[in-house]
Amino acid sequence: MAGAAPSVLFDNHGRPLEYLRLAVTDRCNLRCFYCMPEEGIKYMPKQELLTYEEMERLVGLLTGLGVRKVRLTGGEPFVRRDLVPFMARLTAIPGLDDLSLTTNGVLTAPYVPELARLGVKAVNLSLDTLDRARFASITRRDELPRVLDTFYALLASGIQVKINAVVMDGQNIEDLVPLAELTRELPVEVRFIEEMPFNGGSHAATLPWDHCRIRQHLEAHLGEFVPVATPAGATASEYSIAGHQGRIGIIAAYSRTFCGTCNRIRLTAEGGLKTCLYDQGVLDVRALLRGGSTDEEVAEALKSAFRYRAANGFEAEQRRPVHQLSFESMSTIGG
Ligand code: SAM
Ligand code: SF4
């Protein structure tokens with residue numbers, strides 16, 4: 001599809017789809033409490049994961065349909081071998097303006113110079129606490145020092161850093177202010193995410209800390225939040241604070257306040273298309289790729305899937321044949 005005229009794909013609600021979140025693996029080297037059980041999830045056999053060649057073909061095809069931004073996620077992207085050479089191949093795809101990734105930072109630091117060379121402008125780093133013992137308890141691995149190495153390497157490289165912190169009642173509430181305080185001296189965005197129920201069955205979902213309570217708590221300690229304009233399709237409400245270099249973001253991931261402008265396409269590691277974070281997967285793209293479909297046939301199937309897209313995450317959840325969201329792990333969905 002290289003060189004194809006950009007023709008933006010719209011869903012049945014008139015929303016443009018310009019952003020692909022691509023899970024390159026379901027495997028992970030951490031066991032975050034909110035994402036999967038202590039024993040981990042049942043990983044897919046390797047042959048069921050999309051190959052890099054299949055992913056590259058899909059990205060080429062989707063840029064032909066107007067996708068401009070790709071975020072690699074997982075699982076942990078860096079546990080998949082040869083990730084950086086794969087990224088280099090993606091950067092050569094015409095029409096792809098923005099390649100970024102979300103990482104837990106455990107293995108990432110040594111790759112930061114290469115990411116900068118490839119032109120990666122922004123990296124989302126998941127970090128729920130600055131306290132080593134609490135980090136070990138939340139992620140069930142004692143890896144905070146290596147994650148901080150990645151944080152400092154990213155800052156030094158000039159790559160824009162967004163910290164993602166999931167807000168968990170009884171786990172990291174004392175960490176919210178110290179994390180937010182990073183924005184005082186550093187030009188980073190610290191984003192607080194409502195906990196969603198996709199935890200692979202570790203615990204039942206409740207939402208004691210919704211976006212309103214998170215904001216109130218932080219404002220009580222840091223002063224008034226001034227809303228900042230965000231690009232269309234943004235999930236985070238962003239705020240500046242007087243005297244702070246960085247910004248605060250709050251993501252109402254479970255309250256789902258941002259669905260009206262959602263521009264995301266999600267592909268799971270085994271090639272399942274999700275038109276919404278809360279749907280159960282609406283198309284087996286891998287079966288099309290491996291069944292010999294042409295680019296045109298795959299593109300048509302993707303377009304058809306978006307003609308039936310739910311209006312919002314609540315409708316997508318209602319349409320699920322199986323309603324219990326906690327059976328799924330975010331490691332499979334990709335966040
Ligand atoms: N392993 C990488 C990482 O942690 O950054 C990438 C994949 S992870 C599934 C992507 C994002 O989803 C992370 O920022 C993580 O904090 C977030 N996440 C995982 N489970 C979540 C949950 N149950 N609720 C809210 N966010 C969650
Ligand atoms: Fe792994 Fe990311 Fe899930 Fe944590 S949130 S277990 S780092 S995939």
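Atoms within a ligand are numbered from 1 in the order they appear, just like the ligands themselves. Everything numeric here is computed off the predicted structure, so don't read it as measured data.
Side chains of Thr103 and Glu76: a donor on one and an acceptor on the other come within 3.5 Å.
In summary, of the residues considered (Glu317, Glu328, Arg319), a side chain to side chain contact (heavy atoms under 4.5 Å, CB included) with Gln280 occurs for Glu328 alone.
Looking at Asp279 and Arg266, their side chains never come closer than 4.5 Å, going by heavy atoms from C-beta outward. Within the 4.5 Å cutoff, the side chain of Leu182 has heavy atoms near those of the Leu130 side chain.
Within ligand 1, counting atoms from 1 as listed, the ones closer than 4.0 Å to a heavy atom of Phe198 are 23 (N). Close approach of ligand 1 to Thr73 (heavy-atom distance below 4.0 Å) involves ligand atoms 6 (C), 7 (C). Contact atoms of ligand 1 toward Thr102: 2 (C), 5 (O), 6 (C), 10 (C) (distance under 4.0 Å to a heavy atom of the residue). Here is the list of ligand 1 atoms found below 4.0 Å of a heavy atom in Glu76: 1 (N), 2 (C).
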Taking only distance into account, with no hydrogens and no angle test, what donor-acceptor pairs under 3.5 Å do side-chain atoms of residues 224-233 form with protein atoms, sequence neighbours excluded?
none

Tell me which donor-acceptor pairs under 3.5 Å the side chains of residues 30-42 have, and how far apart each pair is, sequence neighbours excluded?
| residue | atom | partner | partner atom | Å |
| --- | --- | --- | --- | --- |
| Arg31 | NH1 | Cys28 | O | 2.9 |
| Arg31 | NH1 | Tyr43 | OH | 3.3 |
| Tyr34 | OH | Asp128 | OD2 | 2.7 |

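Salt-bridge formation is detected for the pair Glu300/Arg307: a Lys NZ or Arg NE/NH1/NH2 atom is positioned less than 4.0 Å from an Asp or Glu carboxylate oxygen. Taking a cutoff of 4.0 Å between a charged side-chain nitrogen and a carboxylate oxygen, Arg68 and Asp98 do not qualify as a salt bridge.
With hydrogens left out, the protein atom closest to atom 4 (O) of ligand 1 is Ser126 OG, 3.3 Å, a heavy atom. Summary of contacts: the protein heavy atom closest to atom 24 (N) of ligand 1 is Met196 N, 2.8 Å.
Closest approach of Gly105 to Thr150, counting heavy atoms only: O-OG1, 2.6 Å.
Residue pairs meeting the ring pair (Phe, Tyr, Trp, His ring centres under 6.0 Å) criterion with at least one partner in residues 244-301, sequence neighbours excluded, are Phe198-Tyr278.
Checking only distances, Pro197 never comes within under 3.5 Å of ligand 1, N or O to N or O. Checked by distance only, ligand 1 and Thr103 come closer than 3.5 Å through their nitrogen or oxygen atoms. Distances between N or O atoms of Val166 and those of ligand 1 include no value under 3.5 Å. The shortest N or O to N or O distance between Tyr34 and ligand 1 is under 3.5 Å.
Looking at Glu195, Glu328, Met330, Arg21, it is Met330 that brings a heavy atom closest to atom 20 (N) of ligand 1. Taking all heavy atoms of Gly74, Ala23, Gly335 into account, the minimum distance to atom 7 (C) of ligand 1 is reached by Gly74.
Protein atoms that are N, O or S and lie under 2.8 Å from atom 4 (Fe) of ligand 2 are these: Cys32 SG.
Using a non-hydrogen distance threshold of 4.0 Å, Gly75 registers as a contact of ligand 1.
Using a distance-only test at 3.5 Å, with no hydrogens or angles considered, no donor-acceptor pair links the side chain of Arg21 to the main chain of Arg264.
Contact annotation for Asn164 and ligand 1: only side-chain heavy atoms (C-beta onward) come within less than 4.0 Å of the ligand.
Annotation: the span from Lys162 atom NZ to Ile251 atom CD1 amounts to 8.5 Å, rounded to 0.5 Å.
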